[in-house]
Each structure stands twice: as structure tokens, then as C-alpha cells.
Amino acid sequence: MFGLIGHLTSLEHAQSVARELGYPEYADQGLEFWCSAPPQIVDRIKVTSATGQQIEGLYVESCFLPEMLAGSKIKTAIRKILNAMALAQKNNVDITALGGFSSIIFENFNLSQMSSVRNIQLEFNRFTTGNTHTAYIICRQIEEASRKFGIDLAKATVTVCGATGDIGSAVCRWLDARTNIQELLLVARNRERLQELQSQLGRGKVLEIEEALPQSDIIVWVASMAKGMAIDPTTLKRPCILIDGGYPKNMSTLVQEEGIHVIDGGIVEHSLDIDWKIMKIVNMTAPARQLFACFAEAMLLEFEGWHTSFSWGRNQISIENMDKIGEVSIKHGFRPLIN
């Protein structure tokens, strides 16, 4: 059995979803209530592969909200993710994906040092961030969108915003090794890490965001918590592809300009309907078939019987593992979404 650990995008979103899922006692409560709310199993899932194989899974709502990352509630955020992991393990889930901010919190706050949750000893090989599959799908979206919108990669300048993150660095390595892009621009807040990545790649220019974006034919936005980082669409090239790999997906509403093509990054579409209700609440266009690539990674690992933390740690994603997860992604009927 596979598991998915997710969270909602805001307090307001959480209240509306609680009402929709039949938790009226949660629906009108404020942030303090959500800080104490335990994780819940809110969906039981059945997925059929393109091969005909069937698997089952659980969706665990962590009751974490991004507002908890502010001020004095960091410990609450950490506790939320650990409790959700413990709930998945307690229900004998073999492999669970940490979705959205769950994996970011896990890595940024080194939760692997906190393995004991009440009477449960967390077995970290039962969990994956899903970042390898997400990085692979974003790279495929770059390739397919450039063909669709007439951008020649051999003449293109590609900017990766959030280049030093787990997904961003993997995308940079793929672009360097597997494409013939003309120019790679690296943007992130930590300049020391940027220069280290530049040294590893042996290429790429380290630039401030205001300098990089107007030069870009393709922008990959995978900055995890983009404080102080914003896009002025009037400065962008036409045509330009903007791949929104963040969460929540909001670039399509923030950037609405002729010739700027916004792609929901890291989203896949399955070839068959999935028996679940959870994707309806995150506003997928086709919620029976569309999902986050990180969640799909857990499904792929279950299909293949690879019950291991396939994606783990910071900047450990290899091109070989992207190839490996990409091969089984195609095999089981997932494809990159080009909206």
C-alpha cells in the first residue's frame, strides 16, 4: 500500500475543504485550532496502471498550514509532519510521499533526527519526497513546451529560480547533460550555494532575478518559499515559457500577458481515471487524472515494489535515477501535463 501526505494552501482553504469533506467541526475554526488538530486519513485510493496492475493507497491530511511557518509556530509545523508520517506508518503503508511543504519542512529542519513519535519509531525508508519524479517531469515539460510554443532550445536562455534546491539543482543537471540549451542562468537567495552549483556544472551564470528574467526564453520557478522574489511580467520576453513548479500554483493568475505561456510544473496526467476525491480540492482541471508528480512517485514505487526512499536528502537526485523513475512513469501511464 502507498500513502500520500498533503496539506492545504491556507487557513481559508482548509476551512472550505473541511466543510466539503464533512468535517463541520473544523470548518469555522481559526489557526490555533488547526495547530492542535491531528492528522486524518481522508481518502482511500485505487489506481490502475496502463499495464492493468492495481494498487491501493491512503491520503493523509497533515492539518499543516503554511501560516504555521511564521513566528513561533515552526515547532507546530514540524510536529504536524512527524505525526502524519507516524499515522501512515501505523496504518502499514509501505511507501509514502511527502507532498508540498511536507518534504521542505522535513529537509530544512532535519527531521530525520527526530525518529520517535509517541510510541512509534519512524522507519525513514518508508518515505520519499517525490522530488526525483517531479524534477524529471519538469524537464520533460521544458522539452515538450518548447516544441509546442516554437522555442528552439539550442538558441534558448533558461533561468532556474530556486536553482540550489533539491528539484532546482536536479533540473539544472538534466539541462546541462541532456539538452543543448544555449545559456543557463542560476537564481537563488544563497549566493554561496549558487557558486558551488555553478562550479559543479562547469557552466551557468549566477544572476539576480531582476537581471535574469528579462533575458529568459524559459523560466523554471521552483523557489520553495519565494519571499522577496517576484516576477514583473512586463519585462519578460515574448514568447516566453514560465513553468510554475511551486506550491500553490498561482503563476497563471499572477502572470496573464500575451505571449507568456504558464505551465503548471510538476503535474502529471494519468491515462486512466483514479478512484479518489482528493484532487478535487486542489482545483485540478481534470481531478480524476491529474496529480502532483511527487504523489505519483509513491504510486510508481508501489507498482514496482520499490519500497524505499527513492528521493531523499538535499541535492542527491541523479540523472540516472531520473531516467529510472521516468521509465516506469511512462510504463504505468503517466505523462507530463502541458496546459
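In what follows, residues are counted from 1 in the order of the sequence shown. What you see is a predicted model; the values in this text were computed from it and never measured.
Side-chain atoms of Ser102 never come within 3.5 Å of backbone atoms of Leu98 as a donor-acceptor pair (strictly under, hydrogens ignored). In terms of modelled atom types and a separation under 3.5 Å, the side chain of Ser62 and the main chain of Gly6 share a donor-acceptor contact. Between the Asn91 side chain and the Leu87 main chain, a donor and an acceptor come within less than 3.5 Å of each other. A donor-acceptor pair under 3.5 Å links the side-chain atoms of His7 to the main chain of Phe101, judged by distance alone. In this structure a side-chain-to-backbone donor-acceptor pair under 3.5 Å is missing from Arg126 to Thr96. Of the possible donor and acceptor atoms, none in the side chain of Gln40 sits under 3.5 Å from a partner among the backbone N and O of Glu61. In this structure, Gln182 contributes its side chain and Thr157 its backbone to no donor-acceptor pair below 3.5 Å. With hydrogens and angles ignored, the 3.5 Å screen pairs a side-chain donor or acceptor of Arg289 with a backbone N or O of Ser271. No donor-acceptor pair closer than 3.5 Å links the side chain of Glu123 to the backbone N or O of Asn125. For Gln15 (side chain) and His13 (main-chain N/O), no donor-acceptor pair under 3.5 Å exists by modelled atom type.
Residues Arg203 and Leu184 are in side-chain contact: their nearest non-hydrogen atoms beyond the backbone lie under 4.5 Å apart. Between Ile81 and Leu111 the shortest side-chain heavy-atom distance falls below 4.5 Å. The closest side-chain heavy-atom distance from Arg44 to Leu58 is below 4.5 Å. Inter-residue side-chain proximity for Cys161 and Leu213 is flagged as met; some heavy-atom pair is nearer than 4.5 Å. Contact annotation: the side chain of Phe106 approaches that of Ser112 to within less than 4.5 Å [non-hydrogen atoms, C-beta and beyond]. With contacts defined as side-chain heavy-atom distances shorter than 4.5 Å, the pair Thr179/Ile142 does not qualify. For the pair Arg178 and Asp323, the minimum side-chain heavy-atom distance is below 4.5 Å. Using a 4.5 Å cut-off on side-chain heavy atoms (C-beta onward), Arg79 and Leu82 make no contact.
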Hey, mind stepping through Val160 and Leu175 against side chain to side chain contact (heavy atoms under 4.5 Å, CB included) and telling me if it holds?
CA-CA 10 Å; Val160 180; Leu175 289 172; 4.2 Å; yes
Mind running salt bridge (charged side-chain N to carboxylate O under 4.0 Å, His left out) on Arg238 and Glu258 for me, showing each step along the way?
CA-CA 8 Å; Arg238 308 292 197 280; Glu258 186 74 25; over 6 Å; no
Run the numbers on Leu153 and Ile218 for side chain to side chain contact (heavy atoms under 4.5 Å, CB included), then give the verdict.
CA-CA 9 Å; Leu153 284 180; Ile218 300 171; 3.6 Å; yes
Please assess Asn92 against Met1 for the test side chain to side chain contact (heavy atoms under 4.5 Å, CB included), listing each intermediate value before the final yes or no.
CA-CA 8 Å; Asn92 299 315; Met1 181 179 287; over 6 Å; no
The test is side chain to side chain contact (heavy atoms under 4.5 Å, CB included); show your working for Phe109 and Met114 and say whether it passes.
CA-CA 10 Å; Phe109 297 101; Met114 309 175 194; 5.5 Å; no
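Annotation for Leu4 and Ala298: closest pair CD2-CB, 4.1 Å, computed over non-hydrogen atoms. Shown here for Gly265 and Gln141, the closest heavy-atom pair between the two residues is CA-OE1, 3.3 Å. Annotation for Ser103 and Gly100: closest pair OG-O, 3.5 Å, computed over non-hydrogen atoms. For the residue pair Cys63 and Pro38, the shortest heavy atom distance occurs at SG-O, 3.3 Å. Annotation for Ile274 and Lys46: closest pair CG2-O, 3.6 Å, computed over non-hydrogen atoms. When every heavy atom of Leu186 is checked against every heavy atom of Cys172, the shortest pair comes out as CD2-SG, 3.7 Å.
By the neighbour-count criterion of 12 heavy atoms within 6.0 Å, atom CD of Gln200 is densely surrounded, having more than that number from other residues, nucleotides or ligands. The number of heavy-atom neighbours closer than 6.0 Å to NZ of Lys237, taken from other residues, nucleotides and ligands shown, is above 12. Residue-environment remark: CD (Gln121) exceeds the threshold of 12 foreign heavy atoms within 6.0 Å. Environment of CD in Glu25: crowded, with over 12 heavy atoms of neighbouring residues, nucleotides or ligands closer than 6.0 Å. Crowding of Arg118 atom CZ: a count of heavy atoms from other residues, nucleotides or ligands under 6.0 Å not exceeding 12.
Remark: Arg173 CZ to Cys139 SG distance equals 10.5 Å, nearest 0.5 Å. Residue Thr164 holds its OG1 atom at 7.0 Å from CZ of Arg314, rounded to the nearest 0.5 Å. Separating the OG atom in Ser216 from the CD atom in Glu211 is a distance of 10.5 Å, to the nearest 0.5 Å. The CZ atom of Phe64 sits 10.0 Å away from atom NZ of Lys80, with the distance rounded to the nearest 0.5 Å. Between atom CG of residue Leu291 and atom CG of residue Leu337 there is a gap of 10.0 Å, rounded to the nearest 0.5 Å. One distance of note links CH2 of Trp174 with OG of Ser169; it measures 14.5 Å at 0.5 Å rounding.
Annotation: ring pair (Phe, Tyr, Trp, His ring centres under 6.0 Å) contacts involving residues 263-292, sequence neighbours excluded, comprise Tyr247-Phe292, His270-Phe334, Phe292-Phe295.
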Would you mind writing out the side-chain donor-acceptor pairs for residues 131-138 within the sub-3.5 Å range, not counting sequence neighbours?
from	atom 1	to	atom 2	distance (Å)
Asn131	ND2	Thr129	OG1	3.4
Asn131	ND2	Asp166	OD2	2.8
Thr132	OG1	Ser311	OG	2.6
His133	ND1	Ala293	O	2.8
His133	NE2	Ser329	OG	2.9
Thr134	OG1	Gly130	O	3.1
Thr134	OG1	Cys294	N	3.3
Tyr136	OH	Arg140	NH1	2.7

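Between Glu304 and Lys331 a salt bridge is recorded (basic side-chain N to carboxylate O distance below 4.0 Å). Under the 4.0 Å criterion applied to side-chain N and carboxylate O atoms, Asp43 and Lys280 are not assigned as salt-bridge partners. In summary, Glu67 and Lys73 do not engage in a salt bridge, as defined by a charged side-chain N under 4.0 Å from a carboxylate O.
Hydrophobic clustering, with ILVMFWY side chains joined whenever heavy atoms are under 4.5 angstrom apart, groups Leu31 together with Phe33. If you chain together hydrophobic residues whose side chains sit under 4.5 Å apart, Ile330 and Phe310 fall into the same group. No single ILVMFWY cluster, assembled from side-chain heavy atoms under 4.5 Å apart, contains both Leu272 and Phe303.
Taking the centre of each ring, Trp34 and Tyr26 come in below the 6.0 Å mark.
Hydrophobic clustering, defined by side-chain heavy atoms of Ile, Leu, Val, Met, Phe, Trp and Tyr closer than 4.5 Å, groups Leu185 together with Leu207.
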